[in-house]
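Structure, as structure tokens:
Heavy-atom basis, side chains included; hydrogens, waters and symmetry copies ignored. Counting begins at 1 with the first residue of the sequence. We count ligands from 1, going down the list as the structure has it; atoms in each ligand are counted the same way. Only a predicted model underlies this, so the values are computations on that prediction, with no experimental measurement involved.
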Amino acid sequence: MAQETVLVPDIGGSDAAEVVEVLVSPGDSVDVDQGLLVLESDKASMEIPSSVAGTVVEVLAKEGDQLAEGAAVAVIETAGAATEADSASSAEKIQEPAPVESAAEDNADASDSAPAESQLIDVIVPDIGTDEAVDLIEVSVSVGDSVAEGDTLVVLETDKASMEVPSTASGVVKALQVEEGQQIKQGDVLLVLEAVVAQSGSVDASKSAPAPVAAVSAPAASPVEVAPASQGAVNAPDSSGKGVYAGPAVRRLAREFGVPLESVKSSGPRGRILKEDLHQYVSRALAAPSSSASGAGIPSIPDVDFSAFGPVDVVERSKIDKVTATNMQRSWLNVPHVTQFDDADITEMEAFRKSLKAEAEKRGTRLTPLPFLLKACAVALKHNEKINSSLSDGGSTLTYKRYVHIGMAVDTPAGLVVPVIRDVDQKTLWELADEVIELAGKARDRKLKPADMQGGGFTVSSLGSIGGRGFTPIVNAPEVAILGVSRADTQPVWDGQSFQPRLQLPLALSYDHRVVNGGDAGRFLTELCQLLGDIRKLLL
Ligand code: CAO
């Protein structure tokens with residue numbers, strides 16, 4: 001008998017790669033080229049094959065190890081005679097291996113000799129930091145699997161974290177006592193393992209020594225406890241075998257994406273699902289809705305031949321129009337919109353603005369109500385910071401912007417564009433007036449650069465010069481609110497004694513109700529109306 005140490009071959013330029021899955025256990029018989037473990041680098045995952053056929057004596061790497069080219073993977077006992085070099089190279093690493101029952105169901109020879117050297121043990125849920133029942137979200141092994149010490153057996157999930165429960169013994173899974181979706185508690189039996197035992201006949205002490213539970217994002221829990229199974233504890237094998245061959249890293253990623261692994265086409269050796277397969281599945285799934293007019297099960301609007309009813313012209317839409325259409329639909333479908341209305345009394349503001357007309361001409365500019373609106377919005381945004389925030393991390397966090405950049409919707413012959421005025425809070429009314437004219441001009445002349453339209457935290461859409469009593473603008477996601485401004489009109493306003501003619505500016509604030517509540521929106525809009533009603537307050 002000779003012992004060969006299999007080494008990591010050239011792994012294509014990667015310095016080191018992580019062991020994401022160990023495919024064999026001591027006692028397994030392996031063929032030439034059969035995968036021993038799976039390494040995953042930034043670029044790819046790869047199976048490290050055995051260079052010889054024989055029986056695995058010792059696996060020299062475990063999940064999570066970083067291996068570089070030349071690192072030892074496993075010691076394999078081959079049929080040939082041992083050479084001096086073989087025994088020297090492996091002498092330190094190899095203890096006399098305890099005979100093990102092979103995991104392979106078809107390896108009848110090995111199982112025949114098992115009883116004397118193996119022991120049935122119940123693997124139970126360790127201390128998981130709570131006495132409460134937790135969700136069992138994944139059973140990572142099936143009956144017949146051979147597991148090495150440290151291999152993940154199941155994954156548990158609490159409100160706060162998910163944690164993998166590893167095996168502290170090597171052996172073969174004989175029966176599963178739990179299934180996915182079930183709630184389990186500390187001390188519950190997970191599975192029955194036919195464990196590798198030392199010559200003394202008990203579970204190898206070094207293998208049952210505590211090993212920390214690998215926690216995905218949880219405080220470390222204590223180790224899996226093993227206890228000898230009571231006589232007859234081996235139940236009939238669980239037939240709900242998962243039939244999906246994928247490593248823990250891939251399973252975890254699939255869980256994060258919400259991808260059912262059984263739907264993923266595998267391209268790895270022996271039907272193993274690789275990370276790349278998952279990526280491909282997700283890209284296809286994302287691309288799928290664009291092949292039909294609308295996604296998420298929304299019935300598309302049928303094409304109608306309008307020429308059947310009279311003369312028509314069909315014209316190609318501008319690129320801006322098409323992009324706007326996509327953005328609007330995306331926002332409309334994703335954002336639960338609420339619109340709040342109010343009128344700002346801008347009688348005094350307009351008197352002041354008109355008083356500056358001559359000065360504006362002298363400065364070569366034009367002072368419309370818009371710069372006042374922008375300035376008032378900047379002040380109100382500073383006091384109501386949620387309105388200037390965005391959802392991040394898929395909705396689990398909120399990003400507050402500590403800058404006040406406001407987008408301004410501009411109606412152009414080519415379509416709607418939204419240039420952004422930066423640092424509105426730091427600019428004077430004259431500077432804002434100049435910038436509105438400059439950006440609106442650039443928009444109409446199609447001279448805006450992409451950077452001119454990025455970075456906005458809030459948008460103002462003013463239809464004041466066009467007309468209308470009010471409208472409900474669509475939030476310019478990922479912003480969370482937009483102000484729609486309609487045409488100011490003189491209205492009779494009751495002052496407690498009589499009706500007074502007051503110039504009323506209709507405002508409509510649409511907001512993303514996932515982020516902004518009615519209270520937030522109400523406070524913002526009320527403050528905005530107060531600022532516009534008495535623009536001296538902009539100075540406070
Ligand atoms: N009420 C009454 N009059 C108003 C007003 C309002 N709310 N807003 C502007 N006006 C007046 C201005 O004072 C100006 O009159 P004077 O010259 O007598 O002062 C006149 O209307 C024209 O203003 P303007 O449109 O040239 O300038 P502006 O600063 O108000 O607006 C801009 C600039 C770029 C926002 C505007 O030209 C524009 O494109 N608006 C359309 C935005 C849009 O399409 N929104 C919809 C998006 S959702 O589909």
*Is a salt bridge present between Arg536 and Glu348, judged by a nitrogen-to-oxygen distance below 4.0 Å?*
no

_Taking Glu527 first and then Lys537, would you say they form a salt bridge - that is, a charged N and a carboxylate O separated by under 4.0 Å?_
no

Taking [atom1] in [X] as the centre, count heavy atoms belonging to other residues, nucleotides or ligands within less than 6.0 Å. Is the count above 12?
| X | atom1 | value |
| --- | --- | --- |
| Asp303 | CG | no |
| Arg514 | CZ | yes |
| Lys62 | NZ | no |

*So which protein residues pack against ligand 1 under 4.0 Å, heavy atoms counted?*
Arg353, Arg366, Thr368, Pro369, Leu370, Ala409, Val410, Asp411, Leu416, Ala440, Arg444, Ser461, Ser462, Leu463, Gly464, Ser465, Val485, Ser486, Arg487, Ala488, Leu505

_Side-chain donor-acceptor pair present, Ser390, Thr399, cut-off under 3.5 Å_ = no

